[in-house]
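Below is one structure, written out as structure tokens; the observations come after it.
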Amino acid sequence: MVEQGIPLLELLKEEEGPILVASHESPDADTLGSALALGFFLRKKGKKVVVGCKDKVPHFLDFLPGSQEVVRLPVKEVFSLAIVVDASGFYRVNAEVKASKRARIDHHIGGEFYGPYDYIDPEAPSTTALVYRLLCAWDRSAIDREIAQNLYAGLATDTGFFRYSNTDAQTFQIAKELVELGADPHHTFVNFAERERINKMRLIVRVLDTLSLHEDGLVAGISIFDRFFKETGCEYSDSEGLVNYPRSLEGVEVAYALIEKPEESLWKVSLRSKGRVDVAKVAESLGGGGHKYASGCKIKVKDHGQALEILLSAVREALQREGLIKSAVNQHS
Ligand SMILES: [Mn+2]
């Protein structure tokens, strides 16, 4: 990747108006870490910046430096430039954004394009890795401990703490540099792994009770009913990462979490693959998107059984495409 001539960099350098850096809804550490790091850096460069998110910063991310300054979207302000980070488009912000120019920084495949200022590399292990590249190309000496910590948090979590298939020598190189710049790996890990609340543990108990296997154990998933949140005193954001339980089962190729959103009359789906099935394609066939190994979509029906059937038939088609299961006799696929 050529470090010079990043059009977004030139745009940011010249920008004199207010800038919005927006994370996607239901934020994770990569989107929020990217937004906060970029926000801190741009302010150091004298820019007027708002870091925004539709949702309240969830408990598991409230240790990120600057997280208490994140502004809830939508806001009335009209921005000169709005940048959405770690998302396939502004629709992922899920709140109105008023801006004359738009750009995206992302490592997802495909999605919406807003023009020459988009900075997208599907090969990047995290969006924070892309933000790091951008900031290095501008002024590496302005990357302080708070910026490095936010960037490291996104890199560590998007790679499953350096265990997923997107982890390579380059990932460790970026991690090394961020640690040299002040990021604290142990602090990051402890905050993600050892700060669980009892309510969340009670939610996990209920959710694991819904665990079910399909397609001879190639597919496993969980269902998270809205009442589970109410019964355990949890919030929607507590569902983050629970899809890793079905994923951890031996023999499972595709894992899903089906999460009820009654206020939108739909079910949100998180999909994970161990590598043989491209779950981005499954999500796309249902109107969503993501990566080969991790994707998401929404199924716009109220009934759980119906939503599950729609999801499982899309997964079944993907398994058939990969030759993992045979097509049914009376199907012409
Ligand atoms: Mn990401």
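Just follow the structure's listing: the first ligand is 1, and inside any ligand the first atom is 1.
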Looking at [Y], is [X] sitting on its ring face, NZ or CZ under 6.0 Å from the six-membered ring centre and within 45 degrees of the normal?
| X | Y | result |
| --- | --- | --- |
| R247 | Y164 | yes |
| R102 | Y117 | no |
| R227 | F225 | yes |

Going by distance alone, is a donor N or O of one side chain under 3.5 Å from an acceptor N or O of the other, for D168 and T171?
yes
Pair D278, H291: side-chain N/O donor-acceptor within cut-off below 3.5 Å:
no
Answer whether the closest heavy-atom distance between the side chains of Y236 and E263 falls below 4.5 Å.
no
For the Mn ion (ligand 1), which protein N/O/S atoms fall under 2.8 Å? Skip waters.
D30 OD2, D86 OD1, H107 NE2, D158 OD2
